[in-house]
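Residue numbers begin at 1 in each chain, while the letters A, B, ... track the order of the sequences.
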Amino acid sequence: MPKITLPDGSAREYENPVTVMEVAESIGPGLAKATLAGRVDGALVDSSTVLSADADVAIITERDSDGLEVIRHSCAHLMAQAVQRLFPKAQVTIGPVVEDGFFYDFAFSRAFTPEDLQAIEKVMGDIVKENLTVERSIMNRSDAVTMFKEMGEEYKVQIIESIPGDEDLSFYRQGDFIDLCRGPHVPSTGAFKAFKLTSVAGAYWRGDASNEMLQRIHGTAWGSKKDLKLFLQRLEEAEKRDHRKLGKHLDLFHFQEEAPGMAFWHPKGWSIYQTVQRYMRSVQDEHNYKEINTPQLVDYSLWEKSGHASKFSDEMFSVESENRMYAIKPMNCPCHIQVFNQGLKSYRDLPLRLAEFGSCHRYEPSGSMHGLMRVRSFVQDDGHIFCTEEQIQAEVADFMAMLFAVYKDFGFDEVILRLSTRPEKRVGSDEVWDKSEQSLKDALNATGLPWELVPGEGAFYGPKIECSLKDCMGRVQQCGTIQVDFSTPGRLGAHYVAEDSSKKEPVMLHRAVLGSFERFLGILIEHYAGAMPTWLAPEQVVILNITDKQGDYCRNFEESLKNKGFRVSTDLRNEKIGFKIREHTLQKIPYLLVVGDKEVESETVAVRKRGGEDLGTMTFDDFCALLSQDVARFGRSEQLDNS
RNA sequence: GCUCGCAUAGCUCAGGCGGUAGAGCACUUCAUUGGUAAUGAAGAGGUCCCCGGUUCAACUCCGGGUGUGAGCACCA
């Protein structure tokens with residue numbers, strides 16, 4: 001006589017053990033039809049699960065995020081079944097759920113083509129129509145291994161052999177297809193309403209580059225056709241915002257074959273870059289950083305001492321000159337320690353905050369480069385804080401406060417914090433790592449914000465906090481970081497005289513707010529879809545004349561705005577006003593000023609905002625006030641309009 | 001670095017079972033002096049990514065390279 005308690009608190013009693021599906025049926029046929037799975041006492045289960053004791057039960061449908069996961073996971077099975085119907089020799093491997101969809105990796109003699117994807121999608125549709133029941137079963141390991149061996153599924157055998165423990169395994173069968181899986185799954189293949197295969201590409205077996213490459217097919221699945229459509233529109237929107245496309249269209253930068261992974265910045269792109277840099281300089285000044293500059297080429301021995309050469313020599317550019325080997329600096333920290341080492345430092349000098357817009361070069365693997373997001377030549381907003389152990393937490397706190405304020409000014413309100421701890425390959429004793437990790441945990445807790453622990457992802461010299469922001473498409477972008485380093489200063493001979501006149505090694509905090517200017521600009525371009533807020537816009541105002549008669553007036557107006565420090569230009573071409581408006585709108589200029597005889601007469605300009613909003617006519621002073629106000633609010637979202 | 005795809009005018013892209021190419025926009029010139037997202041006409045513009053091979057003939061087919069895209073791997 002199980003008593004089933006539903007999420008709304010109501011309870012139902014049943015004479016005999018019931019399945020989750022039967023509970024749904026007893027509530028209503030509509031719900032039963034929509035049932036994908038159930039949640040019993042907190043655990044996600046199949047709708048066929050039998051309930052013989054009292055339980056808290058929730059019926060999972062496509063409206064639950066769990067329901068969507070079930071759909072996607074089951075859709076991966078659906079796809080695998082379709083692939084094996086079309087290509088019986090393809091072996092299945094793994095097929096997990098990922099953000100917005102799923103994938104499944106297959107071992108096959110050739111790569112799948114886009115035509116194959118279409119065919120697979122069609123067969124998937126057939127299987128949905130067949131509405132095959134999805135059945136769970138349990139099998140012991142040796143039977144499972146025997147079965148997969150008979151089926152020629154060598155990868156599944158490997159997977160089973162690598163699962164620890166010796167308990168029985170669960171399997172899901174739909175028609176002639178069976179897969180090892182924890183589940184839960186949809187009740188039948190008729191449950192799918194909206195799915196699409198999106199791409200195919202290679203992927204290493206078990207994510208290991210020394211293994212063979214499998215064929216990974218990505219797909220997406222949703223609870224309704226409408227959701228699928230919205231998702232596809234989101235993909236389209238992201239494509240429109242692609243910084244590589246906008247960089248060309250807005251004439252911001254380019255790449256060319258002779259310098260792979262190194263941007264050529266054009267006047268407009270460089271203007272944005274410089275505005276961001278000036279801004280960061282002023283913020284760092286406020287936080288008492290001292291800006292420095294260090295050499296591009298440094299003798300290889302320094303990188304050997306710092307420990308970078310042994311780990312990254314393959315990714316460093318090097319230059320031989322006068323029988324000496326130099327590395328083009330891949331990072332700035334060893335150079336900053338050289339600056340610290342000049343002159344005897346006292347504990348009174350700490351914390352010493354050194355900052356550099358440091359140009360770095362790294363030989364990134366060819367396949368990893370991606371527009372401005374991953375380049376071989378970049379400039380970090382780098383900084384190193386030399387301090388005592390006791391000062392770490394306050395320094396980290398100050399850094400976090402600075403970072404939050406900066407991100408807000410750029411229009412990013414949500415920051416995601418993660419703590420990466422000791423990796424396998426590392427320098428320094430466990431005691432030092434314990435200390436470093438604890439100080440970062442303390443600093444994170446002090447922010448009052450949630451944070452996530454990522455074991456094993458720290459740098460080889462110390463743990464790090466990674467700060468990611470969420471852009472307007474909801475994409476998470478890792479930018480800022482602060483890393484504790486108890487090792488490198490000692491390796492490079494840094495020390496200071498402590499209060500008791502003993503010689504001590506300083507702790508070094510590596511930190512960056514933006515990460516690299518290149519990447520951050522890429523993120524900004526995509527976040528704003530190229531329509532930069534006025535303070536960042538390379539051209540803030542363009543003045544347009546109606547006829548040649550207003551040319552001088554426009555030029556004078558331009559000159560006066562330039563004298564106030566604004567970035568202004570005129571477009572006095574012999575073109576119709578509509579044509580000029582269109583062109584500059586496509587170039588995403590924040591303000592267009594139209595000048596005809598009326599405006600000359602009244603000594604005003606007609607102000608049109610980027611979004612098409614007509615602000616009417618204004619005098620020079622009024623327009624200056626408006627523009628100053630707009631520039632002063634940066635990109636802060638609470639005041640950002642949608643123009 | 002790996003798998004697969006792509007590389008044609010400044011840009012976005014067509015095209016040809018092997019006989020050296022085209023559109024729109026942009027550009028130049030001329031006409032037009034117009035009020036808030038495209039005025040009209042004419043003109044100019046290409047080593048069809050690079051190096052080999054096959055062929056009477058290669059932008060096209062084959063091989064290699066470079067760059068690039070998606071994904072994987074890597075990321076101090």
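The nearest heavy atom of RNA chain B to A:His510 and to A:Val594 marks one nucleotide each, and the one closer to the 5' end goes with A:Val594. Mapping A:Phe255 and A:Arg573 onto RNA chain B by nearest heavy atom places A:Arg573 at the nucleotide closer to the 5' end.
A 3.5 Å limit on both hydrogen-bonding distances identifies no Watson-Crick or G-U partner for B:U36. Figure legend. B:C17 is base-paired to no nucleotide; pairs are counted as Watson-Crick or G-U wobble with both atom distances under 3.5 Å. The partner of B:U28 is B:A42, judged by Watson-Crick or G-U wobble contacts that both fall below 3.5 Å. Under the Watson-Crick or G-U wobble criterion, with both distances below 3.5 Å, B:G69 is paired with B:C4. Of all nucleotides present, none satisfies the Watson-Crick or G-U wobble test against B:C59 with each distance under 3.5 Å. Using N1 to N3 plus N6-O4 or O6-N4 for Watson-Crick, or N1-O2 and O6-N3 for G-U wobble, each under 3.5 Å, B:A76 pairs with nothing.
Using a 4.0 Å heavy-atom distance criterion, A:Pro365 is classed as a base contact. When heavy atoms are screened at a 4.0 angstrom cut-off, A:Gly307 is found touching no nucleic acid atom at all. Within 4.0 Å (heavy atoms only), A:His370 reaches sugar-phosphate atoms of the nucleic acid but no base atom. Counting any heavy atom pair closer than 4.0 Å across all strands shown, A:Tyr204 reaches a base atom. Across all strands shown, A:Glu315 has heavy atoms under 4.0 Å from base atoms, whether or not it also approaches the sugar-phosphate. Backbone-only engagement by A:Gly578 is indicated by non-hydrogen atom pairs under 4.0 Å involving sugar-phosphate atoms exclusively. Within the 4.0 angstrom heavy-atom criterion, only backbone atoms of the sugar-phosphate kind lie near A:Arg216; the bases stay farther away. A:Asp597 comes within 4.0 angstrom of a nucleotide base, judged by non-hydrogen atoms across all strands. Here A:Gln256 lies out of heavy-atom contact (under 4.0 Å) with every strand.
Judged by distance alone, the side chains of A:Glu466 and A:Ser468 never bring a donor and an acceptor atom under 3.5 Å apart. No donor-acceptor contact under 3.5 angstrom links the side chains of A:Ser109 and A:Lys89, judged on distance only. For the residue pair A:Thr294 / A:Gln338, no side-chain donor-acceptor distance below 3.5 Å is found, with atom types taken as modelled. Side-chain atoms of A:Tyr591 and A:Asp630 form a donor-acceptor pair, as typed in the model, at a separation below 3.5 Å.
Distance from the side chain of A:Leu586 is smallest for B:A37 among the nucleotides B:U12, B:U3, B:A37. Here B:A37 is the nucleotide among B:A37, B:G67, B:G34 with the atom lying nearest to any side-chain atom of A:Thr585. In this structure, of B:C72, B:A76, B:U36, it is B:U36 that holds the atom nearest to the side chain of A:Ile577. Looking at the side chain of A:Lys311, the nearest of the listed nucleotides B:C75, B:C72, B:G67 is B:C75. In this structure, of B:U39, B:U33, B:C74, it is B:C74 that holds the atom nearest to the side chain of A:Arg374. Here the nucleotide nearest the side chain of A:Tyr461, chosen from B:U68, B:A76, B:U36, is B:A76. Comparing B:A37, B:U66, B:G35 against the side chain of A:Glu257 picks out B:U66 as the nearest. Of the candidate nucleotides B:A37, B:G67, B:G34, B:A37 has the atom lying nearest to any side-chain atom of A:Ile581. In this structure, the nucleotide among B:C72, B:G34, B:C11 sitting nearest to the side chain of A:Lys576 is B:G34. Considering only side-chain atoms of A:Ser368, the nucleotide from B:G35, B:C2, B:A73 that sits closest is B:A73.
At distances below 3.5 Å, not a single donor-acceptor pair connects side-chain atoms of A:Arg519 with backbone N or O atoms of A:Ser516.
Exactly one residue among A:Met316, A:Met331, A:Arg374, A:Lys329 makes a side chain to side chain contact (heavy atoms under 4.5 Å, CB included) with A:Arg362. That residue is A:Met331.
No cation-pi contact links A:Arg72 to A:Phe102, judged by a cut-off of 6.0 Å to the six-membered ring centre and 45° from its axis.
Listed pair A:His218 / B:C72 fails the phosphate criterion, with no side-chain N or O lying under 4.0 Å from OP1 or OP2. Note on A:Arg244: a side-chain N or O is less than 4.0 Å away from OP1 or OP2 of B:A70. At the phosphate of B:U12, OP1 or OP2 sits under 4.0 Å from a side-chain N or O atom of A:Lys248.
For B:A76, the base is stacked against the aromatic ring of A:Phe312, per a cut-off of 5.5 Å between centres and 30° between planes.
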